[in-house]
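Indexing begins at 1, ligand by ligand and atom by atom, following the structure's order.
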Amino acid sequence: MDPYRHRPSSGNNSSFWTTNSGAPVWNNNSALTVGPRGPILLEDYHLIEKLAQFDRERIPERVVHARGASAKGFFEVTHDVSHLTCADFLRAPGVQTPVIVRFSTVVHERGSPETLRDPRGFAVKFYTREGNFDLVGNNMPVFFIRDGMKFPDMVHAFKPNPKTNLQENWRIVDFFSHHPESMHMFTFLFDDVGIPLNYRHMEGFGVNTYTLINREGKPHLVKFHWKPTCGVKCLLDDEAVTVGGTCHSHATKDLYDSIAAGNFPEWKLYIQTIDLDHEDKFDFDPLDVTKTWPEDIIPLQPVGRMVLNKNIDNFFAENEQIAFCPAIIVPGIHYSDDKLLQTRIFSYADTQRHRLGPNYLMLPVNAPKCAHHNNHHDGFMNFMHRDEEVNYFPSRFDPARNAEKVPIPSRILTGCREKCIIHKENNFKQAGERYRSFDPARQDRFIQRVVGALSDPRVTHEHRSIWISYLSQCDTSLGQKLASRLNLKPNM
Ligand code: HEM
């Protein structure tokens with residue numbers, strides 16, 4: 001069996017045209033009319049079917065990450081991590097698992113240019129023997145906000161103004177003037193990595209904190225990192241204008257052409273782990289998605305490599321219909337209490353039931369490649385043939401039983417019901433460290449991009465003062481430079 005094949009059994013297998021129901025079509029050129037000049041007869045079922053099918057070709061685009069490109073390949077374990085996790089696909093070096101990856105931009109629509117300043121999605125679906133594992137990450141290691149309650153508003157601020165249908169900086173500046181925790185993410189978005197050269201030359205990060213759990217039930221918090229073997233490369237702003245003006249799909253083309261030419265992109269997978277008993281040891285909260293875990297104190301540990309060696313056969317079936325979801329995990333990998341991740345656990349499957357229909361996990365690209373068995377059935381667009389009479393549980397007629405118990409984190413959770421922010425916010429330290437790690441030219445490009453955003457005519461004096469105050473708290477000289485370029489006093 002070709003593990004990369006995502007095609008239902010019936011296809012175009014007749015040598016002559018037919019309707020969807022298989023009736024021969026003896027003329028696929030002309031509508032059925034009364035005489036040669038019309039009118040058309042409603043009984044031309046083939047014409048009606050052809051138009052009706054065409055009229056429905058588009059499905060709702062993803063509410064975010066609408067623009068993307070996919071490719072297939074494999075993941076191979078290179079280092080033993082079985083002391084950390086009982087995940088079957090990570091059981092030993094040499095084990096290979098088929099994968100499909102979808103790279104994407106975030107804010108703009110399905111046909112938008114791939115050269116815009118925007119985070120990039122980096123979503124990997126592992127077809128493991130114990131079900132699928134979706135690692136739904138980005139090319140930047142942190143996120144703008146840490147509470148999912150803010151996600152719809154944040155996306156509205158980034159998306160086009162509902163009146164003008166234009167993305168407008170004043171809306172972004174305004175929203176984030178209320179969110180100092182976002183400054184770290186802006187040191188990525190307004191840095192050179194805000195426009196990757198293409199999808200092959202960018203890193204990937206799981207971003208949220210997950211939990212690895214081993215056979216004995218010992219948990220470790222974990223962050224995932226993908227590093228491209230061809231290195232990280234970016235487009236400077238003027239280069240992006242030229243590239244985007246020539247081809248608005250340059251990254252899709254680069255990915256497709258590289259794989260077609262046998263130049264297979266490869267990433268190494270690393271993890272960082274924290275013993276759950278040590279999670280209070282740091283000046284940041286390891287569950288806070290606006291923070292990285294410093295690599296000098298929590299080193300990267302190699303796990304494996306991923307090679308993309310096969311292009312997709314069909315864009316719609318394997319890019320538009322693919323559904324990634326951070327809730328889709330396998331035994332040995334669990335969620336953490338990271339509030340943003342917890343929100344994501346709900347949101348993806350919910351939107352996919354709307355975007356693709358309730359049976360979206362039956363679509364070949366989304367279905368597991370291992371045996372599966374449950375009594376969830378029927379519903380819109382169910383195309384599974386099930387020949388059975390016992391569709392309930394328990395039953396003495398159905399030998400299917402509960403699977404073997406899977407270890408999950410067993411820590412006792414206590415606390416009052418509350419809606420609040422986390423204790424260790426520490427909003428500015430890592431952002432300042434990152435800014436200071438740039439060379440002077442890179443710092444200057446960063447400043448220029450912030451100045452550009454703050455120069456929108458609808459950005460007020462108050463907005464500018466708040467942003468400068470936040471960025472001064474990241475780095476005093478950064479605040480001073482911004483203030484002087486914007487003719488403002490620092491720390492206002
Ligand atoms: C796509 C929600 C945060 C990475 C999506 C989609 C939704 C969503 C609704 C569309 C899914 C679809 O139609 O198939 C959220 C919410 C978040 C959040 C509610 C926060 C509470 C994040 C973060 C990351 C991320 C932190 C990075 C780790 C992605 C990626 C996709 C995506 C890569 C595209 C997947 C694909 O290629 O189909 N998100 N998201 N999201 N999200 Fe998020």
So between L135, V136, N208, V155, whose heavy atom ends up nearest atom 28 (C) of ligand 1? V136

Of the listed options (P326, S104, G137), which comes nearest to atom 33 (C) of ligand 1 when hydrogens are ignored and any heavy atom counts? G137

Which residue owns the protein heavy atom closest to [atom], what's the atom, and how far is it?
atom	result
atom 18 (C) of ligand 1	F151 CE1, 3.4 Å
atom 7 (C) of ligand 1	V64 CG2, 3.8 Å
atom 11 (C) of ligand 1	T351 CG2, 3.6 Å
atom 42 (N) of ligand 1	Y348 OH, 2.7 Å
atom 4 (C) of ligand 1	R344 NH2, 3.3 Å
atom 29 (C) of ligand 1	H65 NE2, 3.2 Å
atom 35 (C) of ligand 1	F324 CD1, 4.0 Å

Taking heavy atoms and a distance under 4.0 Å, where does V106 meet ligand 1: side chain, backbone, both or neither? neither

Could you tell me whether F103 approaches ligand 1 through its side chain, its backbone, both or neither, with non-hydrogen atoms closer than 4.0 Å? neither

Counting each atom of ligand 1 from 1 as listed, which ones have a heavy atom of [X] under 4.0 Å away?
X	result
G121	33 (C)
G148	21 (C)
V63	9 (C)
R355	12 (C), 13 (O), 14 (O)
R102	36 (C), 37 (O), 38 (O)
R62	12 (C), 13 (O), 14 (O), 36 (C), 38 (O)
T343	21 (C)
V207	27 (C), 28 (C)

Do the numbers put K125 on top of the ring of F324, so that NZ or CZ is under 6.0 Å from the six-membered ring centre and no more than 45° off the axis? yes

Pi-cation contact, Y127 with K369 (under 6.0 Å, within 45°): yes

Heavy-atom closest pair, residues I312 and F315: CD1-CA, 3.8 Å

Answer yes or no: is there an ion pair linking [X] with [Y], defined by an N-O contact shorter than 4.0 Å?
X	Y	value
R120	E114	no
K291	D285	no
D88	R91	yes
R434	D191	yes

What is the ring orientation for [X] with [Y], classed by angle as parallel under 30°, tilted 30 to 60°, or perpendicular over 60°?
X	Y	answer
F446	Y435	tilted
F176	F144	tilted
F126	F75	perpendicular

Work out whether the distance between some heavy atom of G206 and some atom of ligand 1 is less than 4.0 Å. yes

Are W293 and F282 an aromatic pair by the rule of ring centers under 6.0 Å? no

Option among R67, R110, R102 that satisfies the side chain to side chain donor-acceptor pair (under 3.5 Å) test with N319: R102

Out of Q272, K268, E203, which residue meets the side chain to side chain donor-acceptor pair (under 3.5 Å) rule with H225? Q272

Any N/O/S atom, backbone or side chain, of S347 lying under 2.8 Å from atom 43 (Fe) of ligand 1? no

